[in-house]
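In this chain, residues are counted from 1 in sequence order. Just follow the structure's listing: the first ligand is 1, and inside any ligand the first atom is 1.
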Amino acid sequence: MIVILKKGYDERQLDELRRWLVNEGISIQVNAGVQSTVLGLIGDTSAVDLDLIEALEIVETVKRVQEPYKKANRKFHPADSTVMVGDVPVGGGHFAVMAGPCSIESPEQLCVVAEAVKAAGAQILRGGAFKPRTSPYAFQGMRESGITLLLEAKKQTGLPIVTEIMDISHMDAFAEVDLIQVGARNMQNFELLKELGHCKTPILLKRGLSSTISELLMSAEYIMAGGNENVILCERGIRTFETATRNTQDISAVPVVKELSHLPMIVDPSHATGFSRYVKPLALAATAAGADGLMIEVHNNPAKALCDGSQSLTPPQFEDAIGAINKILAAR
Ligand code: PEP
Ligand code: MN
């Protein structure tokens, strides 16, 4: 349920309303916007008399919210949210590009790629240390030592870093990570999401391979319900009947999610397509559709990459893509 207050409402009357609702076991989220102040009522509001609240002097309107996600819902928080990743804002009009290798392979590889993506204009460095691989025989990532290298690259370039967590027992290694990624395969690992709700680090939540937009928002709700409201969503392609690309980039997810939620929404055209030649056109499409940022895989030698080489851009290809993305941004 949401309650929209009248402009210039009396604070004492709001306190009274708050006390009453808290007594009913309902928690309240206050969003003071420029146009209006919105109270988001969370909990079992079925017993709350809508007419009684509407009759209060300070209340403009009351609406029941049908969607099961509350904190992630734009109705609760009409303005776009901005999530700070280190000193880089994402969302609320701030577009951010996250780029780097699929997996961290060596100090040399990470150093070359980190410097290259920074020079081309990326604001956040990505690199997988714990890798969710389909085959148990495939390279599983450098794990903790990969994060150590990522932290060194952060120090060297000044770029904030994003890397994927697969299990909460690894959390200690993520203490200095600026943005913790929950990968597609873990989007509905609810125990992991609950634990991440108790930390303060922003979370990049990628859409599951076969998840609906509503399920994506419910997973964001798990993190937010625990107290961590710094969530960035990511469309990374979904499974369809099409086999020409690794996944199908659901471009409509961008305007749909941005309508339903205030959270920043970025797109990962690398995993969505699986082929480097399609990454630039789909990055441009995502930017034109209104995405708040992009995540792009870049490798200094894609042919020799230990993971996802076929979808990785070389540094010059990345620079070329950024030039084109900037033209779309200027036209938005
Ligand atoms: C990744 O970003 O390297 C990754 C594994 O992504 P996803 O979870 O979207 O497959
Ligand atoms: Mn990858």
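The contact set between ligand 1 and G183, taken as ligand atoms under 4.0 Å from a residue heavy atom, comprises 8 (O). Close contacts between ligand 1 and R236 involve ligand atoms 7 (P), 9 (O), 10 (O) [criterion: under 4.0 Å to a heavy atom]. Under a 4.0 Å criterion applied to the non-hydrogen atoms of E164, ligand 1 contributes the atoms 4 (C), 5 (C). With ligand atoms numbered from 1 in the order given, ligand 1 contributes 1 (C), 2 (O), 4 (C), 6 (O) to contacts under 4.0 Å with heavy atoms of Q181. Atoms of ligand 1 lying under 4.0 Å from at least one heavy atom of E297, given by number and element, are 3 (O).
Applying the side chain to side chain donor-acceptor pair (under 3.5 Å) rule to D250 yields the partners R207, S252; only residues at least two apart in sequence or on another chain are considered. With sequence neighbours excluded, the residues satisfying side chain to side chain contact (heavy atoms under 4.5 Å, CB included) with Q140 are R133.
Annotation: atom 2 (O) of ligand 1 to nearest protein heavy atom, R126 NH1, 2.7 Å. The single protein non-hydrogen atom nearest to atom 6 (O) of ligand 1 is K206 NZ, 2.9 Å, given as residue, atom name and distance. Nearest to atom 8 (O) of ligand 1 among the protein's heavy atoms is A184 N, 2.7 Å. The single protein non-hydrogen atom nearest to atom 1 (C) of ligand 1 is H271 CE1, 3.2 Å, given as residue, atom name and distance.
A salt bridge does not link E16 with R19: none of the charged nitrogens is closer than 4.0 Å to a carboxylate oxygen. Contact check on R126 versus D268 returns no salt bridge, with no Lys/Arg side-chain nitrogen under 4.0 Å from an Asp/Glu carboxylate oxygen. Remark: E164 does not engage K206 in a salt bridge, criterion side-chain N to carboxylate O under 4.0 Å. A salt bridge links R18 to D15: one of the charged nitrogens lies within less than 4.0 Å of a carboxylate oxygen.
Residue-environment remark: NZ (K63) stays at or below the threshold of 12 foreign heavy atoms within 6.0 Å.
Residues I2, I4, V38, V65, F76 make up the rest of the hydrophobic cluster containing I42, defined by ILVMFWY side-chain heavy atoms closer than 4.5 Å, directly or through other members.
Here's the thing with K131: one of its N/O atoms is less than 3.5 angstrom from an N/O atom of ligand 1.
Within the 3.5 Å criterion, the main-chain N or O of Q249 finds no donor-acceptor partner in the side chain of E235.
Shown here are the protein N/O/S atoms lying under 2.8 Å from the Mn ion (ligand 2), water excluded: C102 SG, H271 NE2, E297 OE2, D308 OD2.
With rounding to the nearest 0.5 angstrom, the NE2 atom of H77 is 7.5 Å from the CE atom of M224.
Side-chain contact, D308 with H271: a donor N or O sits under 3.5 Å from an acceptor N or O.
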